[in-house]
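For reference, the structure is listed below as structure tokens.
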Amino acid sequence: MIRVTTSLLNQLSDLVGQAFEKCDLDPSFGKVVVSQRRELGQFQCNGALGAAKKAKKNPREIAEKIVAELEKTGLFNELSLAGPGFINMRLNDEFLIKHIDQISGDASFGARDGHTPETVILDFGGPNVAKAMHVGHLRATIIGESLRRLRTFLGDSVVSDVHFGDWGLPMGMLIKEIELAKPDLPYFEEGNSGPFSEVSPVTVDELQLLYPAASGRSKEDPEFLEAARQATFKLQQGHAGYRALWQHMLDVSVNETKIDFDLLGAHFTEWKGEADTNDHMPGMLDRFKKEGLSEISDGAVVVHVAEEDDKKEMPPLILQKSDGAVMYGTTDLATIEIRQQDHKPDSILYVVDARQSLHFEQVFRAARKGKSITEHTKLEHVGFGTVNGKDGKPLKTRDGGVVRLRSLIEDAIAEARKVVLEAGLDDRFDAEELDNIAKKVGVAAIKYADLSNPRMSNYVFDIERFTKFEGRTGPYQMYAAVRIKSMLRKAAEQGLKQGPLVMTADAERNLILALSLLPEAALAAADKNAPNILCDHVYALTQEFNSFYHDCHVLGEKDEAVRSSRLTLCAITLRQIETVLQILGIDVPERM
RNA sequence: GGCCCCAUAGCUCAGCUGGAUAGAGCAACAGAUUUCUAAUCUGUAGGUCGCAGGUUCGAGUCCUGCUGGGGUCACCA
């Protein structure tokens with residue numbers, strides 16, 4: 001007997017595959033998918049066409065044989081043939097109810113059953129010292145956090161590392177800029193090895209002004225840039241004053257980014273950064289040199305990563321610039337080695353802007369070449385597209401500046417509050433609850449809008465559209481869950497009990513079918529690192545629920561068996577909607 | 001210039017390894033409520049899938065060329 005806890009589509013595919021096997025055909029032709037034409041069936045299999053092509057036979061004849069085999073199982077209410085050889089099927093209700101009973105008894109709705117647990121490291125967030133997080137960090141954080149939750153849901157052991165940008169040339173630029181502004185600070189005294197003050201000489205607001213100043217100065221003043229380069233090198237070599245100053249800048253910046261990450265509900269098990277590779281660096285550089293993996297090119301130490309059959313140009317990875325300082329490729333490579341030592345991961349996923357794909361390709365190749373990671377470990381750049389304004393170009397403020405993440409979130413919360421107030425139902429909430437609802441709705445609106453796009457696509461940021469309660473929005477999904485919560489509260493007040501499932505209406509069957517597809521969605525989302533698949537799933541689910549809600553009264557239902565069954569169905573649906581939204585990083589309030 | 005990605009309804013986008021009549025949402029129009037929260041549901045209308053070839057029984061999907069847009073091409077991150 002087939003296992004009942006695995007995904008419904010896999011079960012059906014196995015079953016139909018067996019039928020193909022009995023006809024001496026490859027079982028892989030038995031792949032079953034949700035029907036494109038629901039009026040003809042719940043599921044379909046198109047394998048007869050492919051099999052016919054391969055076996056040089058008539059597709060309809062093959063399909064007829066398959067149908068005959070499937071009839072014998074007794075699991076189907078209806079099996080039919082259509083067109084050139086499409087097999088349409090409808091399961092009988094007993095089977096569906098049994099299946100939903102089984103998966104609803106499992107916290108993952110049967111999804112874990114189809115997943116082999118592994119140790120996965122997620123590298124996302126990627127804020128930088130002194131720079132306020134901006135719209136570019138939005139997707140990295142939202143997608144990364146969602147993948148973290150998804151993998152945890154599927155039973156993986158997940159390490160999430162924020163990987164602070166804290167070690168490159170910008171550090172030298174900041175040090176020199178601070179020196180210009182406050183030359184008397186002890187950090188700049190020749191030979192001063194500390195100890196230094198425990199109080200930061202700069203506030204976060206100052207830092208955020210210092211950085212653009214330093215950046216601008218570097219472009220105009222070659223001497224300043226050169227000084228910054230030297231400072232970067234000295235910092236990396238352990239200059240005591242610079243290190244102390246750097247630590248202050250890092251601490252101040254970390255505290256600031258935590259506010260943003262908290263707003264977005266992102267969690268990190270590690271707050272590491274590029275700088276944490278410093279102790280590892282000399283050994284790694286030495287090894288690459290000794291093993292003949294690196295060489296000097298134009299004064300820089302590089303690893304050649306081009307391969308014979310490359311179509312595209314593949315520049316070497318620069319480990320050390322000609323001035324001796326390391327670059328972010330070097331720290332990324334060292335980070336891989338450290339992660340290998342610390343965690344022995346099966347996968348390392350980098351949730352970083354798609355524009356950095358060449359960089360990761362170089363780093364991954366260098367890591368393979370230098371055996372920095374075990375062969376079986378998967379290294380993957382999970383890229384994503386840009387967030388655009390209504391003009392189709394990357395989102396900018398009115399005066400062309402960078403949009404800060406904080407203001408983006410605050411605007412969304414303000415917009416959500418406006419929408420709730422406009423609905424005119426706010427008199428039910430006190431100020432505190434309204435705040436809570438606005439925050440949850442605003443953040444959900446942004447997250448759902450972001451995650452529902454395929455990762456690699458760019459999308460247009462339109463907060464008014466995102467906060468609408470109609471259509472494919474975060475709030476629509478939450479609203480369905482809130483409706484159920486309200487209903488279950490009333491049921492509890494009236495002492496109504498849940499009972500075994502019975503099928504009395506199409507809307508119930510459709511809802512159960514939607515519920516049954518979670519494992520498929522979760523596994524595909526994990527496999528492709530594509531949260532949008534889960535967004536599609538929860539949208540289909542909430543739509544089916546809303547139809548059910550419209551067609552089938554629950555609390556007022558006179559027949560106790562039907563009523564208690566529907567209460568059960570509502571409870572399962574709520575749990576699944578909340579589970580999926582939770583994976584997407586969306587919290588559902590009690591009311592809204 | 002080389003390489004990579006994209007082009008689908010008025011708008012924002014789906015379309016999984018080629019499979020039936022190309023789908024959603026928004027906007028438009030027509031309906032449904034003495035609400036279990038209508039912030040909902042049902043229906044109608046809307047398409048030469050950028051252009052031109054090719055492979056195939058079958059192409060939005062695969063191949064080639066073209067047009068338009070974006071990204072990227074070693075000492076920034």
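Chain naming here is simple, since letters A, B, ... match the order of the sequence lines and numbering starts at 1 in each.
- Across B:A14, B:C26, B:C76, the shortest atom-to-atom separation from the side chain of A:Glu470 is found for B:C26.
- Summarising the base pairing, B:A22 is matched to no nucleotide, lacking a Watson-Crick or G-U wobble pair whose two defining distances lie under 3.5 Å.
- Among the atoms of the strands shown, only primed sugar atoms or phosphate atoms (P, OP1, OP2) are found under 4.0 Å from some heavy atom of A:Leu169.
- Residue A:Gln356 is classed as a base contact, given a heavy-atom separation below 4.0 Å to a base.
- Inter-residue side-chain proximity for A:Phe20 and A:Asp26 is flagged as unmet; no heavy-atom pair is nearer than 4.5 Å.
- Checking B:C75, B:A20, B:A74 against the side-chain heavy atoms of A:Ser297 singles out B:A74 as nearest.
- Nucleotide B:C29: paired with B:G43 (Watson-Crick or G-U wobble, both distances less than 3.5 Å).
- As judged by a 4.0 angstrom heavy-atom cut-off over every strand, A:Pro475 is placed among residues making no nucleic acid contact.
- The existence of a salt bridge linking A:Arg472 and A:Asp536 is confirmed by a sub-4.0 Å separation between a basic side-chain nitrogen and an acidic carboxylate oxygen.
- Residue A:Lys321 contributes atom NZ, which lies 4 Å from atom P of B:C76 at whole-angstrom precision.
- In this structure B:A59 sits in no base pair that meets the Watson-Crick or G-U test at under 3.5 Å.
- Phosphate proximity of B:A22 to A:Gln36: absent, as no side-chain N or O sits under 4.0 Å from OP1 or OP2.
- The separation between A:Phe360 atom CZ and B:G71 atom P is 19 Å, rounded to whole Å.
- At B:C5, none of the side-chain N or O atoms of A:Ser457 fall inside 4.0 Å of OP1 or OP2 (strictly under the cut-off).
- Within 4.0 Å of A:Cys535, counting heavy atoms only, lies no atom of the nucleic acid at all.
- A:Gln543 comes within contact range of the sugar-phosphate backbone alone, with a heavy-atom separation under 4.0 Å but no base atom that close.
- Side-chain nitrogen and oxygen atoms of A:Ser357 include none within less than 4.0 Å of the OP1 or OP2 phosphate oxygen of B:U72.
- Environment of NZ in A:Lys439: sparse, with no more than 12 heavy atoms of neighbouring residues, nucleotides or ligands closer than 6.0 Å.
- Nucleic acid contact for A:Lys468: none, since no nucleic acid atom lies under 4.0 Å from a heavy atom of the residue.
- When heavy atoms are screened at a 4.0 angstrom cut-off, A:Val419 is found touching no nucleic acid atom at all.
- Rounded to a whole angstrom, the distance from the P atom of B:G47 to that of B:A24 is 15 Å.
- Within 4.0 Å of A:Pro84, counting heavy atoms only, lies no atom of the nucleic acid at all.
- Nucleotides of RNA chain B nearest to A:Met487 and A:Asn46 differ in position, and the one nearer the 5' end is that of A:Asn46.
- Residue-level contact check: A:Asp551 touches neither bases nor backbone, having no heavy atom under 4.0 Å from any strand.
- A donor-acceptor pair under 3.5 Å is formed between the side chain of A:Lys485 and the backbone N or O of A:Val588.
- OP1 and OP2 of B:C76 both lie 4.0 Å or more from every side-chain N or O belonging to A:Lys219.
- In this structure, of B:A20, B:C41, B:A24, it is B:A24 that holds the atom nearest to the side chain of A:Tyr539.
- Residue A:Tyr476 has a polar side-chain atom (N or O) positioned under 4.0 Å from OP1 or OP2 of B:C41.
- Proximity of the aromatic rings of A:Tyr350 and A:Phe364 is defined here by a centroid distance below 6.0 angstrom, and this criterion is met.
- Between A:Phe466 and A:Phe461, the two ring planes are perpendicular [angle over 60°; tilted spans 30° to 60°].
- At a threshold of 4.5 Å between non-hydrogen side-chain atoms, the residues A:Leu25 and A:Ile62 count as touching.
- Between A:Val326 and A:Val302, the residue anchored closer to the 5' end of RNA chain B is A:Val302, taking for each the nucleotide with the nearest heavy atom.
- Atom pair A:Asp462:CG and B:C26:P shows a separation of 14 Å (rounding to whole Å applied).
- Between the CZ atom of A:Arg465 and the P atom of B:A27 there is a distance of 11 Å, rounded to whole Å.
- Here the separation of B:C57 from B:C13, taken at their P atoms, is 37 Å to the nearest Å.
- The listed nucleotides are B:A24, B:A74, B:U12; the one nearest the side chain of A:Arg472 is B:A24.
- Residue contacts shown for A:Ser322 include a base, since a base heavy atom lies under 4.0 Å away.
- A:Gly556 comes within contact range of no nucleotide atom at all, as no heavy-atom separation falls under 4.0 Å.
- Distance noted for atom P between B:C5 and B:C41: 38 Å (whole Å).
- Within the structure, a side-chain polar atom (N or O) of A:Asn546 is placed less than 4.0 Å from OP1 or OP2 of B:C41.
- Nucleotide B:U64 forms a Watson-Crick or G-U wobble pair with B:A52, both donor-acceptor distances falling under 3.5 Å.
- Checked against B:A39, B:C13, B:C75, the side chain of A:Met327 finds its nearest nucleotide in B:C75.
- Between the P atom of B:G71 and the CZ atom of A:Arg355 lies a distance of 8 Å, rounded to the nearest Å.
- If you check every strand for non-hydrogen atoms under 4.0 Å, A:Gly83 touches nothing.
- A:Asp166 comes within 4.0 angstrom of nothing in the nucleic acid, heavy atoms only.
- The aromatic rings of A:Trp167 and A:Trp246 sit perpendicular to each other, their planes meeting at more than 60°, with 30° as the lower class boundary.
- Counting any heavy atom pair closer than 4.0 Å across all strands shown, A:Arg229 reaches sugar-phosphate atoms only and no base atom.
- With hydrogens and angles ignored, a donor-acceptor pair closer than 3.5 Å exists between the side chain of A:Gln44 and the base of B:A20.
- Spacing between atom CD1 of A:Ile318 and atom C1' of B:A74 amounts to 4 Å, rounded to whole angstrom units.
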